[in-house]
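Please read these numbers as outputs of a predicted model, since none were measured by experiment. Only heavy atoms go into these numbers, but all of them, side chains included; no hydrogens, no water, no symmetry mates. Counting convention: from 1, in listed order, for ligands and their atoms alike.
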Amino acid sequence: MDSKPVEDMIEASSKVHFSGFHMDGLKVNNIEKPSTSSATDNVHKQPFIIGVAGGAASGKTTVCDMIIQQLHDQRVVLVNQDSFYHELTEEELANVHEYNFDHPDAFDTDKLLDSMENLRHGRAVDIPNYDFKSYKKNVFPARRVNPSDVIILEGILIFHDPRVREMMNMKIFVDTDADVRLARRLRRDTVEKGRDIGAVLDQYSKFVKPAFDDFILPTKKYADIIIPRGGDNHVAIDLIVQHIRTKLGQHDLCKIYPNLYVILSTFQIRGMHTLIRDSQTTKHDFVFYADRLIRLVVEHGLGHLPFTEKQVITPTGSVYTGVDFCKRLCGVSVIRSGESMENALRACCKGIKIGKILIHREGEDNGQQLIYEKLPQDISERHVLLLDPILGTGNTAVQAISLLIKKGVPESNIIFLNLISAPQGVHVVCKSFPRVKIVTSEIDIGLNEDFRVIPGMGEFGDRYFGTDDDQQVVPP
Ligand SMILES: Nc1ncnc2c1ncn2[C@@H]1O[C@H](COP(=O)(O)OP(=O)(O)O)[C@@H](O)[C@H]1O
Ligand SMILES: Nc1ccn([C@@H]2O[C@H](COP(=O)(O)O)[C@@H](O)[C@H]2O)c(=O)n1
Ligand SMILES: [Mg+2]
C-alpha cells in the first residue's frame with residue numbers, strides 16, 4: 001500500500017471540516033514536515049546501516065547495545081564480524097597460539113558481504129554463532145536475522161574492506177585507551193573464555209597490539225563519529241540516536257511536543273500490541289488484550305490530573321504523606337470505538353460521569369460531521385478524559401476537542417487518551433491545542449491513502465464489538 005506524503009494528507013484532510021472550528025494558530029501549509037510515512041517507506045526498502053569499529057574490548061558491543069536499547073521502538077538488528085571468522089584447519093587448531101585472529105585475512109569477508117547484501121535487500125539470513133572457546137561455528141545453531149529498519153555491523157576490522165565500508169550510512173569508531181582495552185580483555189578472556197592469563201598476554205603482544213596499529217587504527221580516519229570512552233560517553237550515544245532517528249525520518253515527537261506522552265514501551269506492552277494488531281487474533285483475545293492496554297493508558301492519563309497533598313494515619317499509627325486525587329472529572333467517549341475505553345475508566349474512577357460524542361466520518365476526503373453529543377451539564381468545571389483508541393488524521397480529535405472548548409472546558413483540562421497515534425494526527429492536535437495532553441501507548445508509521453493508520457489495527461470498534469465481517473455470528 002502506498003503512503004501519501006504527510007503534507008498532502010494534512011492538506012487534503014483539512015479542507016472540509018477544519019472550518020468553523022478552533023484552528024487559530026494552525027498553519028496547515030507550514031506544519032513542520034514530519035515526513036514519517038514517505039521517509040519510512042524508504043527505510044523499509046533501504047535499511048540504515050551503521051558500522052561500529054574499534055580495538056578489541058574497546059566497548060563496541062556495549063555501545064551497540066546502548067544504541068539498540070534507545071532505539072527500542074525501531075526494528076534493529078546487530079551483526080557481529082566475529083560470526084564471520086574462518087574455521088580453523090586441524091593444523092591451525094593444533095597451533096592456535098600461532099594464529100592471528102586480528103588480521104583481516106582471519107575473516108570470511110565475502111560471506112559477510114553476501115549476508116549484508118541479502119539483509120539490505122530485505123531477505124532474512126542465517127548468521128553463524130562463533131564459539132570463542134572451540135574456535136568453531138557449528139557448536140551453536142545459526143541465528144536467523146530478519147531484515148530490519150536499522151542494521152548495526154560491529155567488529156574490529158569492519159572499516160578495512162572498502163566494499164563493506166561503502167555499504168554503511170554511518171561509521172562510528174570507539175576510541176578507548178590501549179591500557180583500558182588490555183585490562184578489559186584480560187578480564188574477559190580469562191573469566192568468559194576460560195583462557196590462561198599468560199596466553200592472553202602473549203597473544204596481545206604478538207598479534208593484537210601490532211594488528212591494532214597496522215590495520216585497525218588506520219581505519220579510524222573513515223569514521224564519521226569517534227566516541228571516546230565508549231559506553232561511558234552517554235552524550236555521544238544520545239546524539240547518535242537522535243541523528244539516526246532524524247535519518248529515519250522519525251523525529252521524536254515527544255521532543256517536539258511537550259504535551260505528548262507515550263507510555264514507556266516494555267516487552268509486555270509490545271506483546272499486547274502484537275496480539276491486537278494481528279489480523280488473525282480472535283475477538284475474544286482482541287478484547288482481552290485491548291482492555292489490558294486501555295487500562296494502562298487510562299492509569300497513565302489519570303497521573304496527569306492535578307492533586308493535593310494529603311496525610312493519613314496508617315494502622316501502625318504512623319503518618320503517611322500522600323496525595324489526594326482531583327475529584328472533578330468526567331470521561332467523554334467518541335462513539336463507537338471510544339466506548340470500549342469506558343469500562344477501564346469506570347474501573348479506575350468509581351462513579352465517574354461519562355459523556356458521549358458521535359462524529360460521522362464521510363466522503364473521500366475523510367471529512368467529519370458532528371452528529372450527536374451528550375455531555376455533563378457542568379463539564380466546564382471538570383477535567384475531561386477524552387476517549388478514542390485511534391488518533392489518525394486528527395480530524396475527529398479536533399472536532400471533539402473543539403466541541404469541549406466551546407462548552408467551556410479549558411484546553412489545559414483536557415487529556416486525550418488513545419492506544420495508537422499516527423504522527424499526522426499528533427501534529428494536528430498538538431499544534432492546534434498545545435495545552436491538551438495526549439497520552440498514547442504507541443506512535444505508528446503514518447496513514448495510507450484511505451487515511452487509515454498503518455500498520456494500525458484495523459477498524460477498532462468492529463473488532464472490539466465483534467461487528468467485523470469475519471466475526472458475524474449467523475443465528476441458528
Ligand atoms: N564503559 C565501560 N566500563 C567498564 N567496563 C566496560 C565498559 N564498556 C565495556 N566494558 C566491559 O569491557 C569488556 C569489553 O567490552 P565490549 O563492549 O564487549 O567490547 P568490544 O565489543 O569492543 O570487544 C566487556 O566485558 C564489557 O563488559
Ligand atoms: N577465536 C578467537 C577469535 C577472536 N579472538 C579475539 O577477539 C577479538 C575481537 O573480538 P572483540 O569482541 O573484542 O571485537 C580480537 O582481538 C581477537 O584476537 C580470540 O581471542 N579468539
Ligand atoms: Mg564485541
Side-chain angles (χ1 to χ4, degrees), residues 50-69 77-89 92-109 112 127-140 143 152-160 164 171-217 219-220 223 226-238:
I50 305 166
V52 180
S58 57
K60 300 181 295 297
T61 305
T62 308
V63 164
C64 293
D65 288 346
M66 290 169 79
I67 295 174
I68 291 168
Q69 213 174 0
V77 286
L78 178 63
V79 177
N80 305 85
Q81 192 181 22
D82 298 342
S83 306
F84 298 92
Y85 266 119
H86 283 296
E87 292 256 352
L88 304 194
T89 62
E92 284 166 338
L93 207 49
N95 299 299
V96 75
H97 299 307
E98 297 302 318
Y99 193 87
N100 188 351
F101 288 101
D102 293 68
H103 191 279
D105 292 346
F107 297 96
D108 185 349
T109 302
L112 182 149
I127 299 214
N129 257 314
Y130 185 74
D131 178 28
F132 283 87
K133 285 191 177 159
S134 63
Y135 310 98
K136 290 195 174 359
K137 290 199 240 188
N138 53 6
V139 176
F140 306 110
R143 180 170 64 106
I152 307 183
L153 175 61
E154 176 249 333
I156 50 173
L157 283 162
I158 48 148
F159 296 165
H160 184 262
V164 184
K171 294 190 265 318
I172 300 171
F173 190 93
V174 182
D175 199 8
T176 304
D177 287 348
D179 50 355
V180 176
R181 281 190 275 116
L182 175 59
R184 286 182 189 164
R185 185 184 178 105
L186 267 176
R187 185 179 301 130
R188 187 179 63 180
D189 285 7
T190 50
V191 176
E192 289 172 24
K193 296 182 189 164
R195 292 185 186 171
D196 170 69
I197 193 163
V200 178
L201 288 171
D202 281 351
Q203 185 193 6
Y204 186 80
S205 53
K206 201 164 172 185
F207 298 121
V208 180
K209 184 171 170 16
F212 180 79
D213 295 335
D214 295 345
F215 303 114
I216 302 171
L217 191 57
T219 66
K220 188 168 144 181
I226 295 165
I227 311 186
R229 304 184 312 283
D232 286 340
N233 198 334
H234 292 265
V235 174
I237 290 164
D238 283 355

N or O pair under 3.5 Å between G59 and ligand 1: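 Yes, there is a polar N/O contact under 3.5 Å.
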Compute whether any side-chain donor of one residue and acceptor of the other, for S134 and D131, lie under 3.5 angstrom apart. yes
For [atom], grab the closest protein heavy atom and report residue, atom and distance to one decimal in Å.
atom: atom 25 (O) of ligand 1; value: E192 OE2, 4.1 Å
atom: atom 7 (O) of ligand 2; value: F132 CE2, 3.8 Å
atom: atom 27 (O) of ligand 1; value: T62 OG1, 4.8 Å
atom: atom 6 (C) of ligand 2; value: R185 NH2, 3.7 Å
atom: atom 21 (O) of ligand 1; value: T61 OG1, 2.6 Å
atom: atom 15 (C) of ligand 2; value: D102 OD2, 3.2 Å
atom: atom 10 (O) of ligand 2; value: D82 OD1, 3.7 Å
atom: atom 1 (N) of ligand 1; value: D232 OD1, 3.0 Å
atom: atom 12 (O) of ligand 2; value: R188 NH1, 3.5 Å
atom: atom 4 (C) of ligand 2; value: Y85 OH, 3.2 Å

Would a 4.5 Å heavy-atom cut-off, applied to side chains only, mark [X] and [Y] as touching?
X: D175; Y: K220; value: yes
X: I50; Y: L153; value: no
X: L157; Y: I216; value: yes
X: D82; Y: F132; value: yes
X: E192; Y: R187; value: no

Sub-4.0 Å atoms of ligand 2 with respect to non-hydrogen atoms of [X]:
X: K60; value: 11 (P), 14 (O)
X: A57; value: 13 (O)
X: R195; value: 1 (N), 2 (C), 19 (C), 20 (O), 21 (N)
X: Y135; value: 1 (N)

Go through ligand 1 atom by atom and flag the ones less than 4.0 Å from a non-hydrogen atom of E154. 21 (O)
Counting each atom of ligand 1 from 1 as listed, which ones have a heavy atom of G55 under 4.0 Å away? 22 (O)
Between R184 and S58 (side chain of the first, backbone of the second, donor and acceptor by atom type, cut-off under 3.5 Å), is there such a pair?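 Side chain of R184 to backbone of S58, a donor-acceptor pair under 3.5 Å: yes, one is there.
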Can you tell which of R188, R229, R185, M66 gets a heavy atom nearest to atom 23 (O) of ligand 1? R188
Return the option from A57, S58, A183, G54 holding the heavy atom at the smallest distance from atom 14 (C) of ligand 1. A57
Apply salt bridge (Lys or Arg N to Asp or Glu O under 4.0 Å) to residues D189 and K193 and explain how you reach the verdict. CA-CA 5 Å; D189 285 7; K193 296 182 189 164; 3.2 Å; yes
Counting the benzene-type ring for Trp, do [X] and [Y] have ring centres under 6.0 Å apart?
X: H103; Y: F207; answer: no
X: F101; Y: Y135; answer: yes
X: F107; Y: F84; answer: no

Please state which part of R187 comes within less than 4.0 Å of ligand 1, counting heavy atoms only: side chain, backbone, both or neither. neither
Just heavy atoms, cut-off under 4.0 Å: does R184 contact ligand 1 by side chain, backbone, both, or neither?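 The side chain, only.
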Check for me whether R181 meets the cation-pi criterion with F212, that is, NZ or CZ under 6.0 Å from the six-membered ring centre and within 45 degrees of the ring axis.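 Yes, a cation-pi geometry.
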Within less than 4.0 angstrom of ligand 2, does F207 place any heavy atom? no
Are any of the heavy atoms in Q203 under 4.0 Å away from ligand 2?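 Under 4.0 Å: yes for Q203.
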Between I158 and V52, which heavy-atom pair has the shortest distance, and what is it? CD1-N, 3.3 Å
